[in-house]
Structures are given as structure tokens and as C-alpha cells.
Colleague: 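Handing you a structure now.
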Amino acid sequence: MSEEKSLNFIEEIVEADLASGKYQTILTRFPPEPNGYLHIGHAKSICLNFGLGLKYGGKTNLRFDDTNPTKEEVEYVDSIKEDVQWLGFSWANELYASDYFEQLYLFAVDLIKKELAYVDDLSAEEIATLKGTPTVPGMDSPHRTRTVEENLQLFADMRAGKYTDGEKVLRAKIDMSAPNMHMRDPLLYRIKHAHHHRTGDAWCIYPMYDFAHGQSDSIENITHSICTLEFIPHRELYDWLIEKLDIFPSKQYEFARLNMTYTVMSKRKLLQLVTEGHVQGWDDPRMPTISGMRRRGFTAESIRNFCDKIGVAKRENMIDFSLLEFCLREDLNKSALRVMGVLDPVKLVITNYPEGQTEELVSENGPDEAYGTRIVPFSNTLWVEREDFMEVAAKKWFRLAPGAAVRLKSAYIVRCDGFTKDAEGIVNEIHCSYLPETKSGHDTSGISVKGTIHWVSVEHALPAEVRLYERLFKAENPSTEEGDFKEYINEDSLTIIPDARVERSLANATIESRYQFLRKGYFCLDKESTPEKMVFNRTVTLKDAWSKTANKA
RNA sequence: UGGGUUAUGGUGUAAUGGUAACACAACAGAUUUUGAUUCUGUCUUUCUAGGUUCGAAUCCUAGUAACCCAACCA
């Protein structure tokens, strides 16, 4: 667009194809199997595919690769559509591989007639054995030489339901000694007497991925079929089938999938976390799913930005989680309204402030004037953060401690005169005196303090439950650690604070709004929140230079 | 030990034979009524060995390492 940003290798291919006149316009597709929820890795693919369509004036289809009825559900279809839309993309057409079943069947018949496919009676084990290994060539199936007529009849019988699951398969007739294992007479169709979420019981044979994906691309006239690296070995077969069927030559290109530290990115593993109860669902705020991140408070903008920053290449990668957090904070810093909330409250009493008096103080809502201001009520008894008080000040401590002065944000400077403890020795009250001439915005004192802390008035504050999240795994890459990835689950990834206190203005909080609780991070209302009981999720903390300083000491 | 893919700072990504750069992270400082933001600065890089060339991350040769492929999954 504006300044020159270097192209990724797929954009280079597209530009070359457009420049050479190979295509007038491009058509891409995002092709999920509806067998789980979308995660941040899919977001990379979504941004790539839809981004290409947008950038080059082409179009992008949403196509469900629903060729395995035993794993797929309508629930997943619905969630995928919601997630793609939420990310901010619109598809040209909503399509399903299952809509092409009849056409695919005819393609198979065509292949049989060309003597390029045959029905095999061998069991899965026998087929695997005859397939050989990467270093040992395979051997032909005894059924490889069946006549066209016989194959046609057998395949029709398969479709008609004359056989049980696994009794027969349709295979391509290619080369049992091919160095590429995928070319050793790959399976094209298998029998599954299973109910399909869209075609119901109309079919009992289903095409395999290799006989559905490329053909669907071709039917749709997809120009650039973009997938991840592990499909590279499939490309030879992808091209072979298109060539033999003599159909639109879609081309497959592969990029490296996204990996991120401290999480897992496979549907199988995510499904396990859900079904085994390690998280509360696909949209658990700790999950790397789009729905989980949305619930956690991520913005679509921040995810799109992240996908833009990580780039597209063919090299295996492991992205620092901190880059995602950076993109998140960058966006939230611009958009989140500033409010005050005390997560771990301890009482602060201003001994020289009139008992029962309330002042309506003005506080800014955001980083600049455009955000406006709001009123926060102030009184002589406040809740402040327990961690903002020390009985004995540490080095470089800017906050409350006996003898120390701090500013209460948007209010007055107070000096700590003392504190009391309960029977267990826990500090239960901090005593301060305030300086009337230091009122925020009208400060005539000339006094400046190093620290400013947030607070809420005890009488006016609202109770709220706050949920804090840590990374889901303790290991940077749980999938490559020894043993099961679940051994590396972080048991402390969720902290529930049942009795936090937030300022009054939050009574009007909505699910869509994001807030910065001053000094404590970005928060959003959870879907489980009710008018009687507000529930906030902490999306991400603020950067914290103090904790580093404190840890060093 | 068959085939395929990839190697650039701690992590990503650029540089397409001509000064190795950008972002994140880390570190230091300035500003700050959020120890946030913002601003300034520092840090660290071409897998190895040869070769071609005035000049190589880029081209050639030989190695090395990592990842993928032998599901009636996608």
C-alpha cells in the first residue's frame, strides 16, 4: 500500500502470475475440516488466504473439507464461520467438499475408465504391508489388474452399500515403487457407513483427502491453493490427479505453520485438553483458540497485526508468546478505557478527611482528551492494593510505607502515618493523612511524589470476581518435551479472585468493552458475568518494570 | 540407510551478486498523576569447509543439522 514492504514468497508468486497474464484475477480458499475449533495457527492461514484476495482484488472461499463424517459436526462448522467473521473477513462463497460428492464420484469413474484406478479387496494391514517402506519398494496388489468393467461394477456396488466398512477401497494405479510413498497406489475412496452432518445417509463411500481437496480446488477454479508444509509430499499426487482428470489446474503452495511458545497448536491436543477437562471448553480463555482468545479479551485487530508481523515463509518457526502480547497491548493501549479496580483490597483510612464526606473527582478515560473524563467518588475510607503497601520500604520503593507519601490517582497526595494488624498479624488498615492543597488538577502545593496508586472508595465500590490467567504450559514446547504433553500443563494457569473491588462506573460495562484497570492490566467482562455478579477476565498484564527491579534486589 | 523441505542475532522476518536491515525480547537512560504509554540509546546475526568473483547471505561443490512422508485422518 503506502510504503514498500517486502513481499512474502507467496505474494511474489501471485504477482508473477498476475504480471505474466497467467491469471487475470486470483481465487484462494480457506479449507478447514469441521472437526474442532479454529486456533491462532488457523488465523495465520486465514489472514494469508483472505489477505491475498483483498490485496490483489481477488476472492476467497470458505470451504469445509468435510469428507470424514465420523469426526465432523455442525457445531464446528458454526464456530468456524463465527471465528472467521470475527477476525474481520468475508468469504466469497461458503462451500463444502460434500457438495461435490457426486462430481467426485464421476471423477473416480473417469479414472477407472482410464485404467488409472482399481478396486482393492485387501485389508488395511495387507495394504500397509505391500506398500513397503521409504527404503523398500512396495509390491502390487493382486487386484491391481482387474478389468475396467469389473472395477466399474465393484465401485458401483461399493456406492450401493453392498460391502461393509473396510471390505473394499478404490485406489489410484500409479507406481508401487515410487520414492514418494503417496504415489504408491494411494487410496481414493473408503467405505464408511456413517451419518454425515450434511449429506446424511446418502453416501456410504467417502473420498479421501487426496481425492477431494485438489478436486474441490479445481472445481472452484482456485488459482493458488495454499497449505502447510506437511502437505508437500501430497503435491505430486495433487498434480497427478488434476492432470489425469484433465481439470482446472489449481496449484498448491506450502508455507510453514505457526508454532508458539508455551502452548500447543494441534486440534488433536486441544480436543484432549477439552475432553479431559484440563480446561473448561474450547473457548476457555487460556486456550489458543480464536474463541478462547476472543473471550479472554483479544481484539481481532491485534491478531491480524500479529499474523502480519510473523510473516510467511517455509522455515519451521517457534514464535515468542511475547510478540502476541506486544500486539495485544499495542492495540488495547489505544482502545481500552482507563478505570480503577483493586484486585487484593486492603483498607486505607484518611484520618484527617471528614467522615461521611464524598467528593466527585474527575478522572481521564484514556491516554488523550478525546477519551473524555468520568467521575469517581472519593471518601475517607478507600480500598487500595495490598501489594502497594510495605511495612518497611524496600530500596527504590515508590509506594505506601510508614512515613512515605504517594498520590492517589486523580485525587490527593497522602502520607502514611501508620497501620494496624489483625489477630493473625495481617495488615488490615493503613492510616494516612491527606494534603488538601494537592487535589488533582488544582495542586498548589508544589510537592511531587514518585508514586501514584489506584484506589476505590469503600462506600462506592462494586464487588467483582476477577480471573487471572497464566500460560497454559510450563514448557516452551510441550510437544517436544519428553513424555506426554499434558505433563507440562501449568496447574496455576487460572487464579480466581472472588472479591475484588471496582469503581462504580463499571456497572455499565458490556461484554464488548475493554478496560485498562490502571496499573493492573487489561480486562474485559466475561460471558458468565451477570448484573448481580460481575466477572472480569484479565486479558494481559501491563509491562511491569518494578517486578524486575524488585527481583534483582 | 529412499524421497522431500529448510538453514540469517535469544525469537521471527527482510536484503533477489554491491554498506546485513526491521520488529519482538533483553539491557541502559529521559519523560510520566499508570514503575504503563512515549522517546533515546545499547546488545547480538549469514550452518561448516572449499571454490567462482573486484565484490557472495545470495552463484558452484562437498559436508552437517533440523523437520516432513510408510492413517481406510485432514
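Numbered from 1 within each chain, the chains take letters A, B, ... in sequence-line order.
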Colleague: Looking only at atom C1', what distance separates B:U42 and B:U48, rounded to whole Å?
Modeller: 31 Å
Colleague: When you measure from the side chain of A:Glu316, which nucleotide among B:C67, B:A70, B:C24 comes out closest?
Modeller: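 Minimum distance to the A:Glu316 side chain belongs to B:C67.
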Colleague: How close do A:Lys173 and A:Trp240 get, counting heavy atoms only, and between which atoms?
Modeller: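 Heavy atoms only, the tightest pair is O-CZ2, 3.9 Å.
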Colleague: Taking the basic N atoms (NZ, or NE/NH1/NH2) and the acidic carboxylate oxygens, is any pair closer than 4.0 Å for A:Arg144 and A:Asp185?
Modeller: yes
Colleague: Counting the atoms with a prime plus P, OP1 and OP2 as sugar-phosphate, which does A:Arg338 contact under 4.0 Å by heavy atoms, base, sugar-phosphate, or nothing?
Modeller: base
Colleague: Measuring only the C1' atom in each nucleotide, how far is B:C24 from B:U5? A whole number of Å is fine.
Modeller: 27 Å
Colleague: Taking side-chain hydrogen bond (donor to acceptor under 3.5 Å, both in side chains) as the criterion, tell me which of A:Arg63, A:Lys251, A:Gln252 meets it with A:Asp217.
Modeller: A:Arg63
Colleague: Quick one: look up who B:U1 pairs with, Watson-Crick or G-U, both distances under 3.5 Å, and put none if it's unpaired.
Modeller: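 With both distances under 3.5 Å required, B:U1 matches none.
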Colleague: Please report the distance separating the C1' of B:A74 from the corresponding atom of B:C69, rounded so that it comes out in whole Å.
Modeller: 15 Å
Colleague: What nucleotide, of B:U1, B:C73, B:G35, holds the atom closest to the side chain of A:Asn68?
Modeller: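 Taking heavy atoms from C-beta onward, the closest nucleotide is B:C73.
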Colleague: Between B:U58 and B:G18, how far apart are the two C1' atoms, rounded to whole Å?
Modeller: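 My reading of the C1' atoms in B:U58 and B:G18 gives 11 Å.
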Colleague: For the residue pair A:Pro233 and A:Asn180, what are the closest heavy atoms and their distance?
Modeller: O-ND2, 3.0 Å
Colleague: Regarding A:Ala124, tell me which of base, sugar-phosphate or nothing describes its non-hydrogen contacts under 4.0 Å with the strands shown.
Modeller: base
Colleague: Base of B:U34, side chain of A:Thr452 - is there a donor-acceptor contact under 3.5 Å?
Modeller: no
Colleague: NA contact type, A:Val312, heavy-atom cut-off 4.0 Å: base, sugar-phosphate, or nothing?
Modeller: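 Touches sugar-phosphate only.
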Colleague: Scan A:Leu518 against the nucleic acid and name what it touches under 4.0 Å (heavy atoms): base, sugar-phosphate only, or nothing.
Modeller: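 Base contact.
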Colleague: Out of B:G35, B:U37, B:A74, which nucleotide sits closest to the side chain of A:Phe231?
Modeller: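 So the side chain of A:Phe231 is nearest to B:A74.
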Colleague: Taking only the side-chain heavy atoms of A:Met181 (C-beta and beyond), determine which of B:A70, B:G35, B:U13 contains the nearest atom.
Modeller: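 Output: B:A70.
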Colleague: How far does the P atom of B:A23 sit from the matching atom of B:G4, given to the nearest Å?
Modeller: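 Going atom to atom, P in each nucleotide, I get 39 Å.
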Colleague: Does A:Lys439 make a side-chain N or O approach to OP1 or OP2 of B:U33 shorter than 4.0 Å?
Modeller: no
Colleague: Closest to the A:Leu542 side chain: B:A36, B:C27, B:U5?
Modeller: B:A36
Colleague: Quick check: any donor-acceptor pair below 3.5 Å linking the side-chain of A:Arg519 to the base of B:U34?
Modeller: no
Colleague: Hunt down the Watson-Crick or G-U wobble partner of B:U13, both distances under 3.5 Å, from any strand shown, or write none.
Modeller: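 B:U13 is paired, partner B:A21.
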Colleague: Please tell me if the side chains of A:Lys267 and A:His42 come closer than 4.5 Å, counting only heavy atoms from C-beta onward.
Modeller: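 The answer is yes, as the side chains (C-beta and beyond) meet within the 4.5 Å cut-off.
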Colleague: Would you classify A:Arg184 as touching base, sugar-phosphate or nothing, given that sugar-phosphate means primed atoms plus P, OP1 and OP2, and contacts are heavy atoms under 4.0 Å?
Modeller: nothing
Colleague: What's the verdict on ring-ring contact (aromatic ring centres under 6.0 Å, His included) for A:Phe523 and A:Phe517, showing C-alpha distance, side-chain angles and the deciding distance?
Modeller: CA-CA 7 Å; A:Phe523 294 76; A:Phe517 285 14; 4.1 Å; yes
Colleague: What's the gap between B:U32 and B:U38 when it is taken at their C1' atoms, as a whole Å value?
Modeller: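 Nearest-Å result for B:U32 against B:U38 at atom C1': 9 Å.
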Colleague: Go through B:G12, B:C72, B:C24 for me and flag the one nearest to the A:Ile310 side chain.
Modeller: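 Among B:G12, B:C72, B:C24, the one nearest the side chain of A:Ile310 is B:G12.
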Colleague: In the structure shown, which nucleotide is the Watson-Crick or G-U wobble counterpart of B:A62, with both distances under 3.5 Å?
Modeller: B:U48
Colleague: Charged N to carboxylate O below 4.0 Å: is that the case for A:Asp165 and A:Lys192?
Modeller: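 Judged by the 4.0 Å cut-off on N to carboxylate O distance, A:Asp165 and A:Lys192 do not form a salt bridge.
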Colleague: Return the nearest nucleotide to the side chain of A:Arg190; candidates are B:G2, B:G12, B:C73.
Modeller: B:C73
Colleague: With rounding to the closest Å, how many angstrom separate the P atoms on B:U19 and B:C68?
Modeller: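 To the nearest whole Å, 37 Å.
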Colleague: Which part of the nucleic acid, if any, lies within contact of A:Asp65, taking any heavy atom under 4.0 Å across all strands shown: a base, the sugar-phosphate backbone alone, or nothing?
Modeller: sugar-phosphate
Colleague: Across the strands shown, which category fits A:Phe326 at heavy-atom distances under 4.0 angstrom: base, sugar-phosphate, nothing?
Modeller: sugar-phosphate
Colleague: Within the 4.0 Å heavy-atom criterion, would you say A:Gln516 contacts the bases, only the backbone, or no part of the nucleic acid?
Modeller: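 Contact class for A:Gln516: base.
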Colleague: Just name whichever nucleotide pairs with B:U38, Watson-Crick or G-U, keeping both distances under 3.5 Å, else none.
Modeller: B:A30
Colleague: Applying a 4.0 Å non-hydrogen cut-off, can you work out what A:Lys409 is touching in the nucleic acid: base, sugar-phosphate, or nothing?
Modeller: base
Colleague: With distance as the sole criterion, do the side chain of A:Glu254 and the base of B:U5 form a donor-acceptor contact below 3.5 Å?
Modeller: no
Colleague: With sugar-phosphate meaning primed atoms plus P, OP1 and OP2, does A:Leu258 contact a base, only sugar-phosphate, or nothing at under 4.0 Å between heavy atoms?
Modeller: nothing
Colleague: NA contact type, A:Gly441, heavy-atom cut-off 4.0 Å: base, sugar-phosphate, or nothing?
Modeller: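 Base: the residue A:Gly441, judged by heavy atoms under 4.0 Å, touches a nucleobase.
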Colleague: Looking for any heavy atom pair under 4.0 Å, which part of the strands does A:Thr133 touch: base, sugar-phosphate only, or nothing?
Modeller: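 Result for A:Thr133 = base.
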Colleague: Hey, does the side-chain of A:His234 have a donor or acceptor N/O within less than 3.5 Å of a partner on the base of B:A74?
Modeller: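 Counting by modelled atom types and ignoring angles, a donor-acceptor contact under 3.5 Å is found here.
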Colleague: Please determine which of A:Glu359, A:Glu437, A:Arg407 meets the side-chain hydrogen bond (donor to acceptor under 3.5 Å, both in side chains) test together with A:Tyr412.
Modeller: A:Glu359
Colleague: Between B:A14, B:G35, B:U37, which one does the side chain of A:Lys543 approach most closely?
Modeller: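 Within the option list, the nearest is B:U37.
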Colleague: So what does A:Leu229 hit on the nucleic acid, given a heavy-atom distance under 4.0 Å: a base, only sugar-phosphate, or nothing?
Modeller: nothing
Colleague: Hey, does A:Ser448 reach any base, or is it just sugar-phosphate, or nothing, if we go heavy atoms under 4.0 Å?
Modeller: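 Contact class for A:Ser448: none.
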Colleague: When the C1' atoms of B:G2 and B:C59 are considered, how many whole Å apart are they?
Modeller: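 The same atom, C1', in both gives a distance of 29 Å.
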Colleague: Could you please name the option among B:A15, B:C73, B:U33 that lies closest to any side-chain atom of A:Ser6?
Modeller: B:A15
Colleague: Name the closest nucleotide to the A:Met318 side chain, picking from B:A71, B:C72, B:G12.
Modeller: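 So the side chain of A:Met318 is nearest to B:G12.
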